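Structure record follows, encoded as structure tokens.
As the structure is a prediction and not an experimental result, all values here were calculated from the model.
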Amino acid sequence: MSYRIKQLTSRLALFGYCRFEIEAIIKDAIGIVCVDNLDIAQSAAVINHLEKYEQLGLHYLKTYSK
């Protein structure tokens with residue numbers, strides 16, 4: 001697993017996403033859950049997808065943590 005993917009999955013877990021939700025996000029991005037031995041295009045797709053959910057998590061925290 002690339003460092004960036006690991007970092008993003010950890011951040012999503014901190015935002016409250018469960019493991020199965022993170023796996024569903026990854027599966028939605030590339031069709032499989034396993035992120036070992038991904039090619040560059042698959043890694044980019046997973047990273048982009050996870051970053052979108054990270055932004056949603058940040059937006060949620062900013063909006064509802066007042």
Side-chain angles (χ1 to χ4, degrees):
M1 180 182 326
S2 78
Y3 174 75
R4 182 67 178 143
I5 293 172
K6 188 172 183 176
Q7 181 184 38
L8 287 166
T9 57
S10 295
R11 285 187 54 102
L12 290 178
L14 288 174
F15 292 153
Y17 287 88
C18 299
R19 184 178 54 121
F20 71 89
E21 292 172 318
I22 295 169
E23 289 174 353
I25 293 167
I26 294 169
K27 187 172 184 178
D28 186 49
I30 59 173
I32 58 173
V33 175
C34 182
V35 292
D36 297 328
N37 302 319
L38 296 179
D39 62 29
I40 294 172
Q42 290 173 319
S43 292
V46 170
I47 290 169
N48 287 335
H49 226 64
L50 292 172
E51 285 176 343
K52 288 177 187 177
Y53 279 87
E54 179 189 32
Q55 291 302 315
L56 288 171
L58 286 171
H59 177 71
Y60 180 84
L61 285 177
K62 288 179 184 176
T63 303
Y64 295 105
S65 65
K66 295 178 181 179

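- The nearest pair of heavy atoms linking A45 to I30 is CB-CG2, 4.0 Å.
- Here the NZ atom belonging to K27 is positioned 13.0 Å from the NE2 atom belonging to H49, to the nearest 0.5 angstrom.
- At a threshold of 4.5 Å between side-chain heavy atoms, the hydrophobic network of Ile, Leu, Val, Met, Phe, Trp and Tyr places F15 and Y53 in one connected group.
- Here the side chain of T63 pairs no donor or acceptor atom with the backbone of Y60 at under 3.5 angstrom.
- Across Y17 and L56, no two heavy atoms sit closer than the pair OH-CB, 4.4 Å.
- With values rounded to the nearest 0.5 angstrom, I25 atom CD1 is found 10.5 Å from F20 atom CZ.
- For Q42 (side chain) and D39 (main-chain N/O), a donor-acceptor pair under 3.5 Å exists by modelled atom type.
- Panel note: side chain D28, backbone A24; no donor-acceptor pair is recorded below 3.5 Å.
- Using a cut-off of 4.0 Å between Lys/Arg side-chain N and Asp/Glu carboxylate O, R19 and E23 are scored as salt-bridged.
- Few gaps surround CG on L14; more than 12 heavy atoms of other groups in view lie less than 6.0 Å from it.
- Closest of all the heavy-atom pairs between V46 and L38 is CG2-CD1, 4.2 Å.
- Between I5 atom CD1 and I22 atom CD1 the span is 12.5 Å, to the nearest 0.5 Å.
- Once rounded to the nearest 0.5 Å, the distance linking CG of L50 with NZ of K52 reads 11.0 Å.
- Note that CG of N37 and OG of S43 are 9.5 Å apart. Values are rounded to the nearest 0.5 Å.
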